Amino acid sequence: PLSKMAATIDNSNAVQATKKKHLGIPEAVFLEDVDTFMKQPGNETAEAVLTKQDEQYQKYKYMELNLSQKKLRLKSQIPQITETLEILRHMQKKKETTEPMETHFMLADSVYCKASVPPTDKVCLWLGANVMLEYDIDEAQALLEKNLTTASRNLETLEDDLNFLRDQFTTTEVNMARVYNWDVKRRSRENLLKSADKS
């Protein structure tokens, strides 16, 4: 009995973790029994139910658009962070020498300028919102590695959320089809009964 209770607690914790994982994305519940569902309050007509389902579907579409944009931003951010880390590692090696480092830096899109950088143990990083801070190379490297880890983890979470969202699309589409088919059958039964009454 105790092991059964522990297993039940583990299962409920797993379900709660999954729900928390996709926080903000409402789960579409599959309509097992359309007849019972249509008898619930607020489900007077198939049109009303289909309208609600379509509204939910549109909300999912909007969420997908937002998540896809975040995913694109992260996908462009990760290579930039990686590239900056590589530059920092190169500067780390060069800081012990006395020779300046010859490089090119970007002035504008496709416009580069040649530069000679003396050995240094300081770098400036753009943090965003027109903010730049000076860091020791080691601090900058630690910050960027942390940012890279966070960005990679966020990308994985976004992928999971998008997959979960696709499941909700499918469930909502199937529910809409089932309600529509239920309504078609109901109307054809009513028409049969009317034609039987007329005869």
Side-chain angles (χ1 to χ4, degrees), residues 1-83 127-129 145-198:
L2 202 55
S3 62
K4 236 183 196 181
M5 194 167 95
T8 305
I9 290 169
D10 286 344
N11 287 342
S12 67
N13 287 345
V15 168
Q16 283 178 337
T18 302
K19 284 185 180 177
K20 282 182 185 174
K21 192 175 183 181
H22 303 293
L23 199 60
I25 302 174
E27 186 174 359
V29 180
F30 178 71
L31 302 179
E32 287 285 337
D33 186 358
V34 180
D35 285 323
T36 306
F37 178 76
M38 293 304 291
K39 290 174 187 169
Q40 293 175 359
N43 299 340
E44 284 76 32
T45 65
E47 289 77 24
V49 171
L50 287 171
T51 301
K52 280 190 239 175
Q53 293 282 321
D54 188 53
E55 285 172 7
Q56 190 63 40
Y57 186 80
Q58 295 308 320
K59 287 177 186 174
Y60 288 140
K61 279 288 189 190
Y62 181 72
M63 287 179 207
E64 181 190 38
L65 178 68
N66 286 335
L67 291 177
S68 296
Q69 288 172 344
K70 283 182 186 177
K71 181 181 169 184
L72 283 174
R73 270 196 308 274
L74 281 173
K75 278 193 158 191
S76 71
Q77 206 176 39
I78 289 172
Q80 289 173 354
I81 294 171
T82 306
E83 188 177 306
L127 300 179
E145 283 170 354
K146 181 182 153 215
N147 288 354
L148 182 62
T149 304
T150 303
S152 299
R153 189 172 47 244
N154 288 347
L155 185 62
E156 284 177 28
T157 303
L158 273 175
E159 291 282 357
D160 288 346
D161 286 347
L162 280 166
N163 287 335
F164 178 76
L165 203 50
R166 285 184 195 102
D167 291 344
Q168 305 323 297
F169 280 141
T170 304
T171 303
T172 304
E173 288 168 348
V174 169
N175 286 345
M176 289 169 76
R178 289 179 58 117
V179 169
Y180 181 81
N181 290 340
W182 174 88
D183 190 45
V184 168
K185 286 178 186 174
R186 180 190 59 81
R187 279 187 274 148
S188 69
R189 270 195 309 265
E190 284 177 2
N191 289 339
L192 281 173
L193 287 173
K194 282 180 187 174
S195 63
D197 286 346
K198 286 180 183 175

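Not measured: the values here are computed from a predicted model.
Residue pairs meeting the salt bridge (charged side-chain N to carboxylate O under 4.0 Å, His left out) criterion with at least one partner in residues 163-185, sequence neighbours excluded, are Asp183-Arg186, Asp183-Arg187.
Residue Leu67 comes nearest to Leu165 through the heavy atom pair CD1-CD2, 4.0 Å, listed as atom of the first residue, atom of the second, then distance. Residues Ser68 and Leu162 come closest through the heavy atom pair OG-CD2, 4.0 Å. Closest approach of Phe169 to Lys61, counting heavy atoms only: CE2-N, 3.6 Å.
For Tyr57, the OH atom counts as densely surrounded, since its 6.0 Å shell holds more than 12 non-hydrogen atoms of other residues, nucleotides or ligands. Annotation: Gln69, atom CD; neighbour count of heavy atoms from other residues, nucleotides and ligands within 6.0 Å is above 12.
Listed for the Tyr60 side chain is a donor-acceptor partner under 3.5 Å among the backbone atoms of Pro26.
Side-chain contact between Asp161 and Thr157 is present, with heavy atoms from C-beta onward closer than 4.5 Å. Inter-residue side-chain proximity for Leu74 and Gln77 is flagged as met; some heavy-atom pair is nearer than 4.5 Å.
Atoms CH2 and CG, from Trp182 and Asp33 in turn, are 11.0 Å apart once rounded to the nearest 0.5 Å. Here CG of Asn191 is found 11.5 Å from CZ of Arg189. Values are rounded to the nearest 0.5 Å. Taken from CG in Leu148 to OG1 in Thr82, the straight-line distance is 4.5 Å, to the nearest 0.5 Å. Atoms CG and CG, from Asn175 and Leu31 in turn, are 3.5 Å apart once rounded to the nearest 0.5 Å. Rounding to the nearest 0.5 Å gives a distance of 3.5 Å between CD of Glu159 and NZ of Lys71. Expressed to the nearest 0.5 Å, how far CZ of Phe30 lies from OG1 of Thr171 amounts to 8.0 Å.
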Counting only pairs under 3.5 Å, give me each side-chain donor-acceptor contact of residues 37-55, with atom names and distances, residues two or more places apart or in other chains.
unit_1, atom_1, unit_2, atom_2, d
Asn43, OD1, Lys52, NZ, 3.3
Asn43, ND2, Phe37, O, 2.7
Glu44, OE2, Gly42, N, 3.2
Thr45, OG1, Ala48, N, 3.1
Thr51, OG1, Glu47, O, 2.7
Lys52, NZ, Gly42, O, 2.9

